[in-house]
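First the structure, in the form of structure tokens, and then the observations on it.
Only heavy atoms go into these numbers, but all of them, side chains included; no hydrogens, no water, no symmetry mates. The first residue in the sequence is number 1, and the count goes up from there.
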Amino acid sequence: MTLEMGSVVKARYKTGTYVGSIKEERGKFYLVEILAVLKHPQQGDLHHPKETEDVFFHERRALAQNEKANIPKTAVSEYTNTVPEYSDSLRTAVQQLKHDLKEQPSSRYQELALANVETLEKDYFK
């Protein structure tokens, strides 16, 4: 399927999922402007998921409203639902991530990830 400039899309970027609008085609990528967050990025090291030993445990923020990201075309698909308001979508995505983390067995990863999410939550919604 070929998407056109201005198309509203669902885009997976690293471990997050977003709703965005295509601004440019760049070879194997689209430049996507972020409109909403569907899934908040996971916390920690992207290359060593859920590990805490001998890795740099990153705080991973969601892409900001109107931020533009180069996203591989293979990670972009048409989005046909109503586009949620950015701050509402971010709040929902953060709450879902917290819920998912709390459902996991207790671990050092869970502890660090929840701490990161709570710090991000305070910053996002101050």
Inset, instruction - Is it possible for you to check whether R91 lies under 6.0 Å from the centre of the six-membered ring of Y124, through NZ or CZ, and within 45° of that ring's axis? - result: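 That pair does not qualify as a cation-pi contact.
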Heavy atoms, side chains only, cut-off 4.5 Å: are [X] and [Y] in contact?
| X | Y | answer |
| --- | --- | --- |
| E78 | K10 | no |
| N70 | R26 | yes |
| D123 | K126 | yes |
| P41 | K14 | no |
| E59 | Q43 | yes |

Inset, instruction - Establish, from distance only, whether the side-chain atoms of E85 and S87 form a donor-acceptor pair under 3.5 Å. - result: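 The criterion, which ignores hydrogens and geometry beyond distance, is satisfied for S87 and E85.
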Inset, instruction - Establish, from distance only, whether the side-chain atoms of H40 and Y18 form a donor-acceptor pair under 3.5 Å. - result: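 Judged by distance alone, the side chains do not pair up.
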Inset, instruction - Walk me through it: do L120 and V94 pass the test side chain to side chain contact (heavy atoms under 4.5 Å, CB included)? - result: CA-CA 9 Å; L120 286 169; V94 167; over 6 Å; no
Which value, rounded to the nearest 0.5 Å, describes the distance between [X] atom [atom1] and [Y] atom [atom2]?
| X | Y | atom1 | atom2 | result |
| --- | --- | --- | --- | --- |
| S89 | K39 | OG | NZ | 14.0 Å |
| M5 | S21 | CE | OG | 9.5 Å |
| K23 | N66 | NZ | CG | 8.5 Å |
| E4 | E25 | CD | CD | 10.5 Å |
| Q42 | N116 | CD | CG | 11.5 Å |
| E111 | L101 | CD | CG | 12.0 Å |

If you take all heavy atoms of [X] and [Y], which pair is closest and at what distance?
| X | Y | answer |
| --- | --- | --- |
| E67 | A64 | OE1-N, 2.8 Å |
| V32 | G20 | CG1-CA, 3.7 Å |
| Y86 | V37 | CE1-CG2, 3.6 Å |

For the hydrophobic clusters of this structure (ILVMFWY residues joined by side-chain heavy atoms under 4.5 Å, transitively), does one cluster hold both [X] and [Y]?
| X | Y | answer |
| --- | --- | --- |
| L97 | L114 | yes |
| I34 | L31 | no |
| F29 | I71 | no |

Inset, instruction - Flag the pair E24 and K68 as a salt bridge only when some basic side-chain nitrogen lies within less than 4.0 angstrom of an acidic carboxylate oxygen. - result: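 A salt bridge is absent here (no side-chain N lies under 4.0 Å from a carboxylate O).
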Inset, instruction - Could you work out the complete set of other residues in the hydrophobic cluster of V83, with links drawn between I, L, V, M, F, W and Y side chains under 4.5 Å apart? - result: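 Same cluster as V83: V8, V19, L35, L38, Y79.
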Legend entry - Side-chain donor/acceptor of S7 to backbone N/O of L3, under 3.5 Å: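 No: the side chain of S7 does not pair with the backbone of L3.
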Legend entry - R12 CZ: over 12 foreign heavy atoms closer than 6.0 Å: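 No.
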Inset, instruction - Please assess D100 against Q96 for the test side-chain hydrogen bond (donor to acceptor under 3.5 Å, both in side chains), listing each intermediate value before the final yes or no. - result: CA-CA 6 Å; D100 293 347; Q96 183 63 53; 2.7 Å; yes
